[in-house]
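Counting convention: from 1, in listed order, for ligands and their atoms alike. Heavy-atom basis, side chains included; hydrogens, waters and symmetry copies ignored.
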Amino acid sequence: MTGFKLLIPNLAVFFNYFRLMELIRDFSLKPYNTFGIDVSAELAFKIETIEELQGVFRQRQPPYFILGGGSNVLLTRSVKELVLLIDIQGVEVVSETAESVEVAVGAGVGWHDFVLWALAQNYGGIENLSLIPGKTGAAPMQNIGAYGVEIRSILTKVEAVKITTGELRTFSNAECQFGYRESIFKHQLKDQFCIAKVYFQLTKPPHQVSLNYQPVIDWMSENGVTDPTIQQVSAAVIAIRQSKLPDPKLIGNSGSFFKNPELSAADFAVLKKKFPQVPSYPLDDGRVKVPAGWLIDQAGWKGYRKDDAGVHAKQALVLVNYGEATGSEILALAQEIQASVAARYGVLLQREVNVY
Ligand code: FAD
Ligand code: NAP
């Protein structure tokens, strides 16, 4: 409670200024993270407009703890920072041509809600990204991707508020420096901006669908679909995801815990010689992507459980909380897996989930 008392002189001005904003005090973050980790937080504001966000940053210096849907975080400690629950709504067509529309989406809009909205308007480009949890504001953080599509292919710009000044800045697609599950916001600009609005260019019909992933191709042939619509691609992705990924409402998780390693051609040749069965996908730059889930599975971890921390039985890349696991227990399991994979394959797995 000491940290909270020290904040009070600042907060008196703060509460007065923001008396209309929703305030939450001394609460558990368990309902706010999909791993379902029970840690406490001292104070949170629900942010519903860009102006509120700017106002907060102009009144008070960092640190902050910015939270969207909490589907890509692992909490290992109680949170002393002021929590900002990003709830900026709104989906708006800002420009239109015969072939496409540009859409501005508030950071607090649920990602899958946005996908469903686009499908209902028959706008294409994000159908492969159906059912990814979380909010739109977090999507650029790691350039969310699934089934061969990443948001960098459709994102036009990002509006973000600078945390130290409240200044609103626009980042072009190139300025976001997107990579595989990466962006500038996770590196050079880490903890410096809060994303407020994201702009996407979506296509009008006729659509070109992206069908590179085998499970999606298989779903189409099993369902007799020869010329898939964007709605059918979305249905396929939803069905596949529901069949193998744990629903965070039932079993706590944050999706893939690790990134898929991208190996140099030489390193991959060494791995392939020792493990001829290893699946692989060539990348444009000559490196080779190896599924981390396969490496973890073959090292014997799939379905492993220690107390309430475990490795999902259908997808070894997903670590799970069966109920009462702490963030530290999940992290310790992740570290054991990293050590085991490094010893067996000589490959260092990098975390995708943001650990606090
Ligand atoms: P949070 O977990 O709330 O935040 C993630 C990070 O971003 C934190 O560091 C947070 O501080 C920061 N942040 C959040 N909002 C903002 C903001 N407005 N401005 C600045 N920083 C912010 N990811 C994929 O890429 N592809 C998938 O297919 C996929 N599938 C998943 C399946 C499951 C079952 C689960 C649980 C997760 C999956 N994920 C996937 C991971 C996750 O859903 C995405 O990364 C998602 O974009 C995270 O959004 P969020 O709002 O929950 O972010
Ligand atoms: P999967 O189909 O079992 O495939 C395993 C891995 O191989 C995937 O991670 C994928 O890499 C790669 N892969 C498969 N087919 C490929 C192809 N044709 N070309 C290039 N790479 C290919 O994977 P899954 O676990 O069920 O996930 C399916 C998709 O949803 C993947 O795109 C995955 O990234 C995404 N997903 C992400 C999360 C997350 O939290 N980040 C959680 C669940 C699912 P990529 O991961 O690079 O696509």
Side-chain angles (χ1 to χ4, degrees), residues 29 32-36 47 53 64-75 79 81 83-88 106-112 128-151 158-161 163 180-183 185-186 189-198 210-218 237 240-262 279-283 288-295 297 312 314-320 352-356:
L29 280 169
Y32 295 90
N33 72 99
T34 60
F35 249 127
I47 300 290
L53 197 54
Y64 290 99
F65 186 81
I66 297 171
L67 206 50
S71 65
N72 207 9
V73 290
L74 176 66
L75 305 172
V79 174
E81 300 94 323
V83 179
L84 299 182
L85 301 169
I86 305 301
D87 198 26
I88 301 170
V109 174
W111 174 261
H112 186 60
N128 293 46
L129 304 177
S130 296
L131 217 59
I132 297 180
K135 298 189 174 181
T136 303
M141 297 296 296
Q142 72 159 19
N143 174 31
I144 57 167
Y147 298 99
V149 172
E150 296 176 329
I151 60 159
V158 165
E159 282 177 4
V161 180
I163 289 176
Y180 166 61
R181 304 290 189 267
E182 296 292 354
S183 76
F185 303 107
K186 279 180 80 175
L189 299 184
K190 187 172 163 51
D191 298 327
Q192 291 189 42
F193 282 88
C194 181
I195 294 169
K197 213 181 248 192
V198 191
S210 171
L211 286 183
N212 302 324
Y213 278 46
Q214 199 55 48
V216 181
I217 297 167
D218 292 346
V237 167
I240 298 162
R241 293 183 75 105
Q242 286 176 335
S243 72
K244 62 190 292 193
L245 285 173
D247 178 350
K249 289 194 192 90
L250 305 176
I251 305 177
N253 75 92
S254 272
S256 306
F257 199 89
F258 302 103
K259 298 201 285 186
N260 290 319
E262 298 177 319
S280 61
Y281 301 93
L283 300 170
V288 180
K289 178 174 68 177
V290 173
W294 187 90
L295 300 177
D297 180 357
H312 189 51
K314 291 187 186 168
Q315 169 50 287
L317 197 46
V318 178
L319 302 192
V320 292
E352 181 177 310
V353 170
N354 303 281
V355 176
Y356 291 91

Query - ring-ring contact (aromatic ring centres under 6.0 Å, His included) involving Tyr356 - partner list, sequence neighbours excluded - result: Phe65

Report task. Would you check whether Lys186 reaches within less than 4.0 Å of ligand 1, judged by its heavy atoms? Result -> no

Query raised in the report: Does Asn72, backbone or side chain, put an N or O under 3.5 Å from an N or O of ligand 1?
Result: yes

**Report entry** atom 18 (N) of ligand 1 - nearest protein heavy atom and its distance
**Finding:** Ile195 O, 2.9 Å

Query raised in the report: With Asp247, which residues qualify under salt bridge (Lys or Arg N to Asp or Glu O under 4.0 Å), at least two apart?
Result: none

Query raised in the report: Got a donor-acceptor contact below 3.5 angstrom from the Lys259 side chain to the Arg181 backbone?
Result: no

Requested in this report: Would you mind reporting whether His312 and Leu245 have side-chain heavy atoms less than 4.5 Å apart?
Outcome: no

Query raised in the report: Does at least one non-hydrogen atom of Arg181 fall below 4.0 angstrom from an atom of ligand 1?
Result: yes

Query raised in the report: Can you name the residues that form a salt bridge (Lys or Arg N to Asp or Glu O under 4.0 Å) with Glu159, not counting sequence neighbours?
Result: none

Query raised in the report: Are Trp111 and Leu129 close enough that some pair of their side-chain heavy atoms sits under 4.5 Å apart?
Result: yes

Please tabulate, line by line, the atom pairs linking an N/O of ligand 2 to a protein N/O at a distance below 3.5 Å, with the distance in Å to 0.1, or answer 'none'.
from, atom 1, to, atom 2, distance (Å)
ligand 2, 3 (O), Lys244, NZ, 3.1
ligand 2, 9 (O), Asn260, ND2, 2.9
ligand 2, 11 (O), Asn260, ND2, 3.2
ligand 2, 11 (O), Lys289, NZ, 3.0
ligand 2, 15 (N), Tyr281, OH, 3.4
ligand 2, 18 (N), Asn212, O, 3.2
ligand 2, 21 (N), Tyr213, OH, 3.2
ligand 2, 21 (N), Lys289, NZ, 2.9
ligand 2, 25 (O), Gln315, NE2, 2.4
ligand 2, 26 (O), Lys244, NZ, 2.8
ligand 2, 32 (O), Tyr147, N, 2.9
ligand 2, 34 (O), Arg181, NH2, 2.7
ligand 2, 40 (O), Ser256, N, 2.8
ligand 2, 40 (O), Ser256, OG, 3.4
ligand 2, 41 (N), Glu352, OE2, 2.7
ligand 2, 46 (O), Asn260, ND2, 3.0
ligand 2, 47 (O), Lys289, NZ, 2.7
ligand 2, 48 (O), Tyr213, OH, 2.6

Query - Selection from Ala196, Ala138, Pro246 by shortest heavy-atom distance to atom 49 (O) of ligand 1 - result: Ala138

Query raised in the report: Which ligand 1 atoms does Gly145 reach within 4.0 Å, using its non-hydrogen atoms?
Result: 24 (C), 25 (O), 26 (N), 27 (C), 28 (O)

Query raised in the report: Does the side chain of Val158 come within less than 4.5 Å of Phe185's, by heavy atoms?
Result: yes

Query raised in the report: With distance as the sole test, does Tyr180 use its side chain to make a donor-acceptor pair with the main-chain N or O of Asn260 at under 3.5 Å?
Result: yes

Report summary line: ligand 1 to Gly70, heavy atom cutoff 4.0 Å, flagged ligand atoms 1 (P), 2 (O), 3 (O), 50 (P), 52 (O)

**Report entry** ligand 1 contact by Tyr356, heavy-atom criterion under 4.0 angstrom
**Finding:** yes

Query - Contact check, Phe193 vs ligand 1, heavy-atom distance below 4.0 Å - result: yes

